[in-house]
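Within every chain, numbering begins at 1; the chains are lettered A, B, ... in the order of the sequence lines, protein sequences first and strands thereafter.
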2 protein chains.
Amino acid sequence: MSEPSAAGGRRQDGTRPRGRRADGSAVEDILAAARAEFAERGYGGTSVRGVARRAHVDPGLVRYYFGGGKPELFAMALARREIDPAGVVATLVADGLDGLGARLLDVVVGTWDAPGGRERFRMVIAATASGQDHLVRDFLASEVFGRVRAALPAPDADLRVGLVASHLVGVLVTRYVLELEPVASAPREELVALVGPTLQRYLTGELPGA
Amino acid sequence: MSEPSAAGGRRQDGTRPRGRRADGSAVEDILAAARAEFAERGYGGTSVRGVARRAHVDPGLVRYYFGGGKPELFAMALARREIDPAGVVATLVADGLDGLGARLLDVVVGTWDAPGGRERFRMVIAATASGQDHLVRDFLASEVFGRVRAALPAPDADLRVGLVASHLVGVLVTRYVLELEPVASAPREELVALVGPTLQRYLTGELPGA
DNA sequence: AGCAGTATTCCTCACATGAGGAATAACGCG
DNA sequence: CGCGTTATTCCTCATGTGAGGAATACTGCT
């Protein structure tokens, strides 16, 4: 038979075959397509149908797997279950304040440097900037930077962690969103060597005007 | 007569009055509405009709004034003619490298702290993150940071200006997009005092591992 | 008051969207 | 091979979008 099997290609009469795929790849294809669409078009410019088109499935299938629609699709496209950021940061902090700046930057850049990380970061920033998603921001504030802040001595812990967050986020935005050279393609170790001491100064050093 | 005059409110029969407004406010209303819509919905989520609704005008009027459609609307909503950023930076650089870090941060934060600045910044970041606008990024790279870079001695001028840009952008994103306290509401002078020295170190100080 | 210019609206069209629901055919097991 | 389950498609509907074009009424000048 020259007809395509399972979902996807069209028959002579224009219809597409139904039935499940043997390799069960539909969900992964949808999620990958969603990541690409959200990264390229932003939250508002991404449609369920656009994602379906890109994944070569019917929009009804997207609805079947992600009944919550675009919000659920966004959340699932972002989710990564292999990494527990809060747990990682807790471990970094538990190793003490010395060198924490460099370790933080190392882990953060390493995380977003991973495959798909750039897309995810752009998704988050774009959605947050256009007020459509606050979940990741709030998670970062409470579970990530909140743990760093808890390890710092008063009275200026909030200010210190705010400065660290500012610089960290700036490196990420410059690297993944603005793609300004040489920051965009600098080796991670180089960034850590250059920026780590600054973060450490913000964490434990003397603040000007304090 | 109890009927509304010129554009806007509805008559008893549901139609709206036509004809120009006496105060010529239509364009400004459209632009203000565009800024709000782009900031709240992102580029892809903003429609010409949505802007028109918000501005209380007919979508045809938006098309009349901004015949290039959404792209032109975006560009004009962003444009500010009272400020020449490149010229401002050129003046700052002309005053010498000493204290340039603090002066840069002071001007940059002061600029975006101005009314409407937060919205504009979020518009730019969201659009850039979702790959829909590169103009402002490219302008910043060549006309703003490019002028700073030209004033620095080789051989690591690119790296230095990249670090400065990273930290500057991070402060803006943390202040206007993530809205993390206490950076979000810190007085400008406080930010300048805290971060200025770091920027200066990146501009003229010793870089670690150099 | 009359009138010209044009800002502003209304109408129309083709196409896209999210969402609900029924039909169907593919997979995998016995 | 037969069959049950369900992944996957197709169909339909209401609503929204950008864009073109004609009509109209308001402003401001004479």
Side-chain angles (χ1 to χ4, degrees), chain A residues 1-31 33-34 37-38 41-74 132, chain B residues 1-31 33-34 37-38 41-74 132:
Chain A
M1 297 298 290
S2 67
E3 303 233 332
S5 66
R10 288 187 185 270
R11 296 197 184 99
Q12 290 267 43
D13 66 352
T15 61
R16 292 176 298 173
R18 299 181 180 208
R20 66 196 68 181
R21 305 181 181 195
D23 59 6
S25 57
V27 174
E28 260 315 306
D29 285 356
I30 292 170
L31 287 175
E37 288 288 310
F38 281 122
R41 300 173 196 281
Y43 188 85
T46 295
S47 66
V48 171
R49 290 179 183 236
V51 171
R53 254 190 312 267
R54 195 175 191 124
H56 302 299
V57 299
D58 188 83
L61 193 63
V62 180
R63 197 171 57 248
Y64 178 80
Y65 281 118
F66 305 94
K70 196 153 82 166
E72 185 179 339
L73 199 50
F74 184 85
Q132 286 150 344
Chain B
M1 298 299 292
S2 66
E3 304 231 332
S5 65
R10 290 187 183 271
R11 294 199 185 99
Q12 290 269 41
D13 65 351
T15 61
R16 292 177 296 172
R18 300 181 178 207
R20 66 197 65 182
R21 304 181 182 192
D23 60 5
S25 57
V27 174
E28 259 314 307
D29 285 356
I30 292 170
L31 287 176
E37 288 287 308
F38 281 122
R41 301 174 194 279
Y43 187 86
T46 296
S47 66
V48 171
R49 287 176 189 240
V51 171
R53 250 188 317 268
R54 194 175 192 125
H56 302 300
V57 299
D58 187 85
L61 193 64
V62 180
R63 196 171 58 248
Y64 177 81
Y65 280 120
F66 306 94
K70 198 155 79 166
E72 183 178 342
L73 200 50
F74 185 84
Q132 286 151 343

- Kindly indicate whether the side chain of B/Arg20 and the base of C/dT6 share any N or O donor-acceptor pair separated by less than 3.5 Å?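 Check passes, donor-acceptor contact within cut-off.
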- Does the C/dA23 base have a donor-acceptor partner in the side chain of A/Arg18 within less than 3.5 Å? yes
- Item | Whichever of A/Gly50 and B/Pro59 has its nearest DNA chain C nucleotide further upstream toward 5' |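 In this pair, the answer is B/Pro59.
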- 5'-most by nearest nucleotide on DNA chain C - A/Ser47 or B/Ser25: B/Ser25
Rounded to the nearest Å, what distance is computed from the [atom1] atom of residue [X] to the [atom2] atom of nucleotide [N]?
{"X": "B/Leu61", "N": "D/dA23", "atom1": "CG", "atom2": "P", "answer": "19 Å"}
{"X": "B/Glu37", "N": "D/dG18", "atom1": "CD", "atom2": "C1'", "answer": "16 Å"}
{"X": "A/Tyr65", "N": "C/dA19", "atom1": "OH", "atom2": "P", "answer": "19 Å"}
{"X": "A/Arg63", "N": "C/dG21", "atom1": "CZ", "atom2": "P", "answer": "10 Å"}
{"X": "A/Arg49", "N": "C/dT17", "atom1": "CZ", "atom2": "P", "answer": "7 Å"}
{"X": "B/Lys70", "N": "D/dG18", "atom1": "NZ", "atom2": "P", "answer": "6 Å"}
{"X": "A/Tyr43", "N": "C/dG18", "atom1": "OH", "atom2": "C1'", "answer": "12 Å"}
{"X": "A/Asp58", "N": "C/dT17", "atom1": "CG", "atom2": "P", "answer": "13 Å"}

- Test item: B/Asp58 and B/Arg53 side chains (from C-beta on) under 4.5 Å apart, heavy atoms: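 Contact flag for B/Asp58/B/Arg53 side chains = no.
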- B/Phe38 vs B/Tyr43 aromatic rings, parallel, tilted or perpendicular, using cut-offs 30° and 60°?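 B/Phe38 and B/Tyr43: parallel rings.
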- Query: Do the charged groups of A/Asp29 and A/Arg54 touch, with an N to O distance under 4.0 Å?
  - Reply: no
- Item | Residue of the set B/Val51, B/Val27, B/Val48 for which side chain to side chain contact (heavy atoms under 4.5 Å, CB included) holds with B/Phe66 | B/Val27
- Task: For D/dT17, take OP1 and OP2 only and decide whether either is under 4.0 Å from a side-chain N or O of B/Arg53.
- Result: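 Yes.
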